[in-house]
Amino acid sequence: MKSIASAPGKIILFGEHFVVHGTKAILAAINKRVTVTTTFTEDDTVKINSELGTLNVPISSLYKYKEVKSEFRPFVYLARKWKTSLGLGFDGGCIPSGLEITIDSDIPIGVGLGSSSACCVAAATSISGLFNELSSEEILKTSIEAEKTIFSDTSGADCAVCTYGGMIEHPSIEKIDNTFDLNLLIANSMIPHNTKNSVEKVNKFKENDEDRFSQLCDLETKLIDKVIVAMKNNDATTFGLKMSENQKYLEEIQVSNDTLRDMISSLNEISLGSKITGAGDGGCIIALVNDDNMDKVPALLGKDKECFSAKIDTKGVVWKIEK
Ligand code: MEV
């Protein structure tokens with residue numbers, strides 16, 4: 001029996017970093033996916049096959065998951081959680097079975113498009129699916145627990161949009177219907193980043209200047225409220241302006257760099273607004289670009305940058321069993 005789940009990647013339209021400190025954020029799931037397939041095996045191990053390599057470790061709770069490479073930890077955590085919760089027993093337990101988990105992904109890794117969160121959501125669904133079907137709320141809760149094994153400060157916003165799909169406000173998880181056609185371009189700086197390090201950097205900024213950080217959180221909240229009105233009013237111009245305003249706040253908390261600034265300014269003449277998406281310090285930017293101008297993008301950004309048009313995924317996580 002195979003339990004197969006797939007979850008979408010994501011972009012953060014507004015509110016990254018500030019959301020970790022309690023503000024709202026707006027996110028959208030995108031049409032790039034990770035698929036996780038889980039099967040039982042006869043030995044007491046967790047076996048993982050992925051483009052990042054393979055892992056084969058005892059499923060036993062005696063084996064510390066902290067000794068596992070960070071990208072594989074959520075899978076070991078989830079495998080153990082489900083085996084333990086069903087009382088199947090590890091060490092000398094009654095059923096000597098392990099799990100084989102295979103990950104196939106078309107989400108670029110480490111560039112702010114939610115590869116890690118989508119993996120946690122798809123893995124939580126696929127692994128638990130061997131035993132029973134989880135509700136969306138349970139999938140979200142479990143995937144956030146898994147994500148915390150690599151990044152304890154996560155706001156949970158990324159896992160939320162990968163679970164539910166579409167465009168959502170966080171933390172309410174209310175769906176937002178976009179009335180105008182969002183022509184969002186995603187451009188990859190090709191600089192890998194580490195979300196945990198960027199979030200720690202922002203924590204230091206906050207420690208050094210609590211007052212300014214709290215002002216920026218208030219500004220971000222007001223900005224998001226205006227974006228929601230702009231979307232209801234079909235007002236792409238305000239939406240774009242708010243993207244650029246949000247970028248100024250991200251510059252101020254120092255998660256931008258010269259490459260990202262150059263990419264954003266290169267797109268100025270053809271976009272209504274642009275900003276970092278995700279943790280920053282590398283990764284991707286997003287820009288609101290008119291359809292007519294899309295063909296000018298490669299020349300403006302240069303050949304070394306990857307860019308594509310973001311299509312919003314509406315399905316969220318999907319799951320099936322194959323006998
Ligand atoms: C990363 O995609 C988004 C951050 O806001 C972190 C988080 O929300 O957990 C930087």
Side-chain angles (χ1 to χ4, degrees), residues 7-30 32 34 70-71 73-74 105 107-122 124 140-165 167-173 184 186-189 191-206 213 216-217 219-221 223-224 227 243 246-257 260 275-286 310 312-313:
K10 65 90 193 44
I11 48 176
I12 301 192
L13 295 163
F14 297 94
E16 51 273 273
H17 286 292
F18 300 105
V19 69
V20 176
H21 302 270
T23 72
K24 290 180 197 171
I26 300 178
L27 299 94
I30 57 168
K32 290 201 176 282
V34 59
S70 71
E71 54 267 36
R73 273 184 214 156
S105 180
I107 309 172
I109 295 168
V111 293
L113 298 180
S115 152
S116 154
S117 304
C119 274
C120 289
V121 169
L140 177 55
K141 182 172 166 286
T142 311
S143 59
I144 293 174
E145 282 167 19
E147 190 169 48
K148 285 189 172 176
T149 64
I150 34 178
F151 167 41
S152 60
D153 281 343
T154 176
S155 67
D158 293 6
C159 284
V161 78
C162 298
T163 302
Y164 289 94
M167 196 188 298
I168 61 160
E169 193 182 312
H170 191 81
S172 66
I173 316 188
L184 282 165
I186 300 179
N188 186 349
S189 68
I191 305 173
H193 68 183
N194 179 311
T195 302
K196 187 168 176 275
N197 294 349
S198 303
V199 168
E200 277 165 11
K201 198 161 87 172
V202 175
N203 286 342
K204 292 218 173 72
F205 178 95
K206 182 181 176 186
F213 192 76
L216 287 168
C217 287
L219 288 166
E220 184 72 43
T221 302
L223 181 148
I224 288 176
V227 168
M243 287 172 80
N246 196 154
Q247 177 61 20
K248 287 192 189 135
Y249 307 155
L250 293 168
E251 292 286 347
E252 191 168 340
I253 59 173
Q254 291 159 23
V255 294
S256 190
N257 61 30
L260 297 169
K275 62 179 276 294
I276 286 166
T277 184
D281 286 322
C284 293
I285 63 156
I286 50 173
I312 297 185
D313 162 279

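What you are looking at is a predicted structure, and each value in this text was computed from that prediction instead of being measured. Start at 1 and go down the list; that is how both ligands and their atoms are numbered.
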Atom indices of ligand 1, in the order listed, that fall short of 4.0 Å to a heavy atom of Val20:
5 (O), 6 (C), 7 (C), 8 (O), 9 (O)

Structural part of Ala157 in contact with ligand 1, heavy atom criterion under 4.0 angstrom
neither

Hey, is Thr154 touching ligand 1 through its side chain, its backbone, both or neither, going by heavy atoms under 4.0 Å?
both

Protein heavy-atom partner closest to atom 3 (C) of ligand 1 - residue, atom, separation in Å:
Ile12 CD1, 3.5 Å

Please could you name the atoms of ligand 1 that Asp158 approaches to less than 4.0 Å, counting only its heavy atoms?
1 (C), 2 (O)

Indicate yes or no for a side-chain donor-acceptor contact from His193 to the backbone of Gly280 under 3.5 Å, with no hydrogens or angles considered.
yes

Does the pair Lys248 and Glu252 meet the rule for a salt bridge (charged side-chain N to carboxylate O under 4.0 Å, His left out), with working shown?
CA-CA 6 Å; Lys248 287 192 189 135; Glu252 191 168 340; over 6 Å; no

Return the closest protein heavy atom for atom 8 (O) of ligand 1 as residue, atom name and distance.
Ser155 OG, 2.6 Å

Looking only at protein heavy atoms, which one is nearest to atom 5 (O) of ligand 1, and what is the separation?
His17 N, 2.9 Å

Please list, in number order, the atoms of ligand 1 under 4.0 Å from a heavy atom of Phe151.
9 (O)

Identify, by atom number and element, the atoms of ligand 1 in contact range of Val19, meaning under 4.0 Å from any of its heavy atoms.
5 (O), 8 (O)

Is there a donor-acceptor pair closer than 3.5 Å between any side-chain N or O of Asn246 and the backbone N or O of Gly15?
yes

Check each atom of ligand 1 against the heavy atoms of Glu16 and keep those under 4.0 Å away; list them by number with element.
5 (O)

Do other residues, nucleotides or ligands put more than 12 heavy atoms under 6.0 Å from the NZ atom of Lys201?
yes

Non-hydrogen atoms of Pro8 and Ile30 that approach each other most closely
CB-O, 3.4 Å

Short N/O distance, under 3.5 Å, between Lys10 and ligand 1?
yes

Is it the case that Thr154 and Glu147 place a side-chain donor and acceptor less than 3.5 Å from each other?
yes

What do the steps show when you test Ser172 against Lys24 for side-chain contact (heavy atoms from CB on, under 4.5 Å), and what is the final call?
CA-CA 8 Å; Ser172 66; Lys24 290 180 197 171; over 6 Å; no

Backbone N/O of Ile286 and side chain of Lys275: donor-acceptor pair under 3.5 Å:
no

